[in-house]
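Encoded as structure tokens, the structure appears first; notes follow it.
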Amino acid sequence: MLSIRSATARDVPVLRTLIHEFAEFEHLPVSVSEASLLRDGFSERPKFRVLMAEWDGQPAGYAFFFDYYSTFEGRAGIFLEDIYVRERYRGKQIGRALLARVAAVAREENRFGVRWQVLDWNTPAIEFYRKLGADFLDEGKTVGLQGDAFERLADEVPQGVR
């Protein structure tokens, strides 16, 4: 049946595969490598954590998350970057179990809660989150600065400013 456990460095090849599957599902580009996952997630100071879901010993999905600090809450929360269940394992409550485990980690670590994003076209996920009682924080807009715009702005630091 279902098991959920913390990922280890040995899981990196399958984790990379799952991330690529998720990116394909979301129609988004992906460039993550096994080397970057090893470096950033399984080093002395990891930048993220991952829970692996297995169904009868087979990789079924994952939850990828990290800590962030809310100045308004005055304490840390968990940001859920990805939650993904392979298509053939959907309908088995794996996504709910992964999200419940992330919430339990947040509570065990005295975090104020869990936040994540969902693409506006992903109606099944939106309905799933609504049924859980999640709040949709639609008054904010996600903003990203990357690529050439990121490089140009970083080059604009005035002399003497560090």
Q. Could you state the interatomic distance from CD (Glu26) to CH2 (Trp121), rounded to the nearest 0.5 Å?
A. 6.0 Å
Q: Using a cut-off of 6.0 Å, state whether more than 12 heavy atoms not belonging to Asp148 lie near its atom CG.
A: no
Q: Just do the salt bridge (charged side-chain N to carboxylate O under 4.0 Å, His left out) check on Arg16 and Glu21 with the steps written out, would you?
A: CA-CA 9 Å; Arg16 183 187 165 280; Glu21 287 177 15; over 6 Å; no
Q.
So, using salt bridge (charged side-chain N to carboxylate O under 4.0 Å, His left out) as the criterion, who are the partners of Arg5 when residues are at least two apart?
A. Asp11, Glu54
**Q.** Min side-chain heavy-atom separation Asp155-Arg152 under 4.5 Å
**A.** no
Q.
Would you compute the distance between atom CZ of Phe25 and atom OH of Tyr84 and round it to the nearest 0.5 angstrom?
A. 8.0 Å
Q. Is the distance between the ring centroids of Phe48 and Phe66 less than 6.0 Å?
A. no
**Q.** Pairing of Glu34 and Arg39 as salt bridge, 4.0 angstrom limit
**A.** no
Q) Heavy-atom distance under 4.5 Å between the side chains of Tyr68 and Arg115, does that happen here? A) yes
Q: Starting from Trp116, walk the hydrophobic network (Ile, Leu, Val, Met, Phe, Trp, Tyr; side-chain heavy atoms closer than 4.5 Å) and list everyone else you reach, by chain and number.
A: Met1, Leu2, Ile4, Leu51, Trp55, Phe65, Ile78, Leu80, Ile83, Val85, Tyr89, Ile94, Leu98, Leu99, Val102, Val105, Val114, Val118, Ile126, Phe128, Tyr129, Leu132, Phe136
Q: Report yes if some heavy atom in the side chain of Arg86 is under 4.5 Å from a heavy atom in the side chain of Pro59; otherwise report no.
A: yes
Q. Under 4.0 Å between a Lys/Arg side-chain N and an Asp/Glu carboxylate O for Glu109 and Arg111?
A. yes
Q.
Checking Phe42 now: which residues fulfil ring-ring contact (aromatic ring centres under 6.0 Å, His included) with it, not counting sequence neighbours?
A. none
Q | Ser43 side chain to Asp40 backbone, donor-acceptor under 3.5 Å | A | no
